[in-house]
Asker: 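My questions all concern the structure below.
In what follows, chains carry the letters A, B, and so on, assigned in the order in which the sequence lines appear, proteins first and then strands, with residues in each chain numbered from 1.
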There are 2 protein chains.
Amino acid sequence: MQKDGKKVRSIEVAELAQISRSTVSRALAGDARISEATRDRVLAAARQLGYRPNLIARGLKNQSTGIVGVVVTDLENAYHAHALQLLVEKLGAGRLAPLVFACNTVEGAENAIARLMSYQVDAVVALAAPFSDEIVKSCVAGEKPLVLMNRHDGDENVGVVAGDGLAAGAMVADHLVARGARRFAFLGGEDNSFISKERERGFTDRLVSHGFDLAVSLSSRYSYAEARVVAADILRAAPDAVFCANDTLAFALLDAARAADAPEGERPMVVGYDNSALAGWPSYDLTSVDQNLEAMTSRTVEAAFAMIAAPDAVAERQTIAPFLVERGSTSSRNSSRTR
Amino acid sequence: MQKDGKKVRSIEVAELAQISRSTVSRALAGDARISEATRDRVLAAARQLGYRPNLIARGLKNQSTGIVGVVVTDLENAYHAHALQLLVEKLGAGRLAPLVFACNTVEGAENAIARLMSYQVDAVVALAAPFSDEIVKSCVAGEKPLVLMNRHDGDENVGVVAGDGLAAGAMVADHLVARGARRFAFLGGEDNSFISKERERGFTDRLVSHGFDLAVSLSSRYSYAEARVVAADILRAAPDAVFCANDTLAFALLDAARAADAPEGERPMVVGYDNSALAGWPSYDLTSVDQNLEAMTSRTVEAAFAMIAAPDAVAERQTIAPFLVERGSTSSRNSSRTR
DNA sequence: ATGATCTATGCACACGTGTGCACAACCTAG
DNA sequence: CTAGGTTGTGCACACGTGTGCATAGATCAT
């Protein structure tokens, strides 16, 4: 292991092994035509010199870099951060390297995509990013495989892995009805984004089939402070139960209810979305929809692999089933209520 | 903008502009020797074809990829996630692309470093990563510039940007003494890591110079559930004020105090560290040390730039001054206390 | 013994870019 | 008209790797 500091190239391994550079390349690639003896000699030499193939050069030659572009938006949102961590881990396990760009504005998105394309990424994963139109357009134009996570989109040939917001909304409706709620509210997010709308629709439709309807529906940005204001408006309508498109919104609602100083038995039941770590803490103890990020990120990475392996195949769209984690915010201690 | 889907190479720009490929390269690089007229022709052709230089090829030729390796650990920790977001943004603004690897185990760290080196990154930024010994050793061996963020280390020639835990501890001591506390406790994290130790030392030393001392000092992992257990032990010692090495620890302590059902006036004052978003929410309203991540990440990126530009220069070590954000958890409503 | 088949390896090219050096064209001074 | 300078451009090489093709040696069939 004589790392003298300078780069070790394959030619040096070849010289040490008394062999040509081609043979080194083939031996390391596991080419069956290389004899056992020389392969061992090459491996020994490579190990001795601490040889690491230059993936940039390999990428240039192979037209495949092993780099995957990842576009994220708001890492301060714990849900996004967690998703990114899982993606990074799973991509790494699959011998792919994630090149991460954040974009908060539309020109940021265009810039990020341009950079990614310049780096010849093998695929792009967009993680709940807005401006997905731009991203889709650029990736289709550049013929790069693209997987959108939790972002539905048009009819272009892009991979889509998304949670089933409709099913989640229905599950929440079932749960709240079973707990005895009668007057329902929905607190949506981000200018009524598609995802928020979907969750609301699943919720409302199932309520209707139970013979109820939605008394109030308002929406807020995904920030705690702004949500507090809207939460107060929701509470003014005195709902039995509130379904929030996001855990942060739910926390704001819970705090607003506490601040209103209503006796505990009269506070509405609350359900959040994302099942963030905080939801499990006793201070909130929030019933929340778990999107199954573990499965979602796994499917996303698998989809990226598949599209890299077969670029011309039809991209599939997968739906991940969410599940409900029931906690104290919808416990029966709240069930005796006077609307 | 005739993107027919296939890659556009510089030779195609050259042909369209009726010029040689060298001239295209020089024109786009802003070489002064190129005449105004041809430069315009090249730019027009490049724009028309939607030409994007292949940064992989450029990296191979220039021995400089513009990629910076980023090593992170626990993105579920909001502090790390926020730091990563800022790093990604600031690196991107400086025309650098972050290749992100997560490592939770020591072999994960070695693997991550090996991958980074293979991708010929221009520098490595390690973000509060454990196993920094391995990282330092590998980067020094590979002669890659390395910047450690919030991680002090030996005498190797690596850049270090860290918050001033000593000063922070002292500030907290001053603050708590001024608020009337007399019996102090410290709740540390992660097996008494260096960072946690430093904060405690700053705290204790200043307490001593005020004529007080530390009644209790315990430590826990950085997870809420484990911290709750240790927090209960701390409370058993009935301190006036508790300084926690981490906001999560502080939240656990606050919840433990509430759960103990002591009258509000007798609960200890609590100070956290990181000033996470949650600290500002009314449910915790936690006084917390802000590490000034904005400044810290800026300095980190600047340090990386400097080390890339001058690899043989002596790496500098910078200290970022933290500041205290005072909130309700140390408000005077708690000041009348019976120890 | 000779041609045929197979095995193991080397030569040389390609990937797309940047740049030292040479050189053509033009201008100026004598 | 010639010598010398200035300006703009092209040739050809290098970066480190993978791989098609050719080939030397060995084994085998006849």
Side-chain angles (χ1 to χ4, degrees), chain A residues 6-43 45-46 49-67 95 97 115 117-122 142-143, chain B residues 6-43 45-46 49-67 95 97 115 117-122 142-143:
Chain A
K6 292 322 291 172
K7 292 273 145 268
V8 180
R9 294 157 305 176
S10 67
I11 184 149
E12 278 138 2
V13 177
E15 285 166 1
L16 179 60
Q18 309 265 39
I19 221 70
S20 92
R21 204 176 51 73
S22 324
T23 305
V24 172
S25 172
R26 285 193 253 259
L28 295 179
D31 191 312
R33 300 177 310 175
I34 302 297
S35 74
E36 199 72 24
T38 51
R39 185 195 315 282
D40 289 347
R41 225 169 54 236
V42 169
L43 291 178
L49 296 176
Y51 171 68
R52 297 277 173 199
N54 183 328
L55 294 185
I56 296 298
R58 175 183 292 177
L60 177 60
K61 168 61 186 169
N62 286 357
Q63 305 285 58
S64 163
T65 54
I67 302 177
R95 317 303 300 168
R115 305 277 300 276
M117 305 290 264
S118 294
Y119 275 111
Q120 317 293 321
V121 296
D122 289 346
E143 290 188 342
Chain B
K6 291 322 293 172
K7 292 274 146 267
V8 181
R9 292 157 308 176
S10 67
I11 184 147
E12 278 138 2
V13 177
E15 285 166 0
L16 179 60
Q18 309 265 37
I19 220 72
S20 95
R21 205 177 50 74
S22 325
T23 305
V24 171
S25 172
R26 286 193 251 260
L28 295 179
D31 191 311
R33 300 176 310 176
I34 302 298
S35 73
E36 199 71 25
T38 51
R39 184 194 315 282
D40 290 347
R41 225 168 56 234
V42 169
L43 290 179
L49 295 176
Y51 171 68
R52 297 277 174 198
N54 182 329
L55 295 184
I56 296 298
R58 175 183 292 177
L60 178 58
K61 169 61 185 166
N62 286 357
Q63 304 286 58
S64 161
T65 54
I67 301 178
R95 317 303 300 167
R115 307 276 300 276
M117 305 290 263
S118 293
Y119 275 112
Q120 317 293 322
V121 297
D122 288 346
E143 290 189 341

Asker: Check if the side chain of A/Ser22 and the base of C/dC11 share a donor-acceptor pair of N or O atoms closer than 3.5 Å.
Answerer: yes
Asker: Can you tell me the distance, in whole Å, between the NZ atom of B/Lys61 and the P atom of C/dA14?
Answerer: 18 Å
Asker: Do A/Thr38 and A/Ser35 get their side chains close enough for a donor-acceptor pair, meaning under 3.5 Å?
Answerer: yes
Asker: To the nearest Å, give me how far apart CZ (B/Arg33) and P (C/dA24) are.
Answerer: 17 Å
Asker: Using whole Å, report how far CG of B/Asp31 lies from C1' of C/dT17.
Answerer: 15 Å
Asker: Kindly say if A/Gln120 contacts the phosphate of C/dG16, meaning a side-chain N or O under 4.0 Å from OP1 or OP2.
Answerer: no
Asker: For A/Arg39, does the CZ atom sit with more than 12 other heavy atoms under 6.0 Å from it, leaving out its own atoms?
Answerer: yes
Asker: Which listed nucleotide (C/dG18, D/dG18, D/dT17) is nearest to the side chain of A/Asn62?
Answerer: D/dG18
Asker: Please report the closest heavy-atom contact between A/Ala97 and B/Tyr119, naming both atoms and the distance.
Answerer: CB-CE1, 3.6 Å
Asker: Could you give the CZ-to-P distance, from B/Arg52 to C/dG16, as a whole number of Å?
Answerer: 18 Å
Asker: State which of D/dA12, C/dG10, C/dC15 makes the closest approach to the side chain of B/Arg21.
Answerer: D/dA12
Asker: Taking the nucleotide of DNA chain D with the closest heavy atom to each, which residue, A/Arg58 or B/Thr23, is nearer the 5' end?
Answerer: B/Thr23
Asker: Please state how far atom CD in B/Gln63 lies from atom P in D/dC13, giving the value in whole angstrom units.
Answerer: 19 Å
Asker: Nearest whole Å is fine: how far is C/dT19 P from B/Leu28 CG?
Answerer: 12 Å
Asker: Within the 4.5 Å heavy-atom criterion, are B/Asp122 and B/Thr65 side-chain neighbours or not?
Answerer: yes
Asker: Classify A/Ile56 by what it touches in the nucleic acid, base, sugar-phosphate, or nothing, heavy-atom distance under 4.0 Å.
Answerer: nothing
Asker: Within this structure, what is the OH-to-P distance between B/Tyr119 and D/dT17, rounded to whole angstrom?
Answerer: 14 Å
Asker: What's the closest nucleotide to the B/Leu60 side chain, out of D/dC15, C/dC15, D/dT17?
Answerer: D/dC15
Asker: Side-chain contact test, heavy atoms from C-beta onward, threshold under 4.5 Å: evaluate it for A/Leu49 versus A/Glu12 and give yes or no.
Answerer: yes
Asker: Taking only the side-chain nitrogens and oxygens of A/Ser10, find out if one of them lies under 4.0 Å from OP1 or OP2 of D/dG16.
Answerer: no
Asker: Side chain of A/Ser25: nearest nucleotide among D/dG16, D/dT19, D/dT9?
Answerer: D/dT19
Asker: Measure CD1/A/Ile19 against C1'/C/dC11 and give the value in whole Å, please.
Answerer: 15 Å
Asker: At 4.0 Å (heavy atoms only), tell me whether A/Leu55 reaches a base, stays on the sugar-phosphate, or touches nothing.
Answerer: nothing
Asker: Below 3.5 Å, does any donor atom in the side chain of A/Arg26 face an acceptor in the base of C/dG10, or the other way round?
Answerer: yes
Asker: Look at A/Thr38 and C/dT9 and indicate whether a side-chain polar atom (N or O) is within less than 4.0 Å of OP1 or OP2.
Answerer: yes
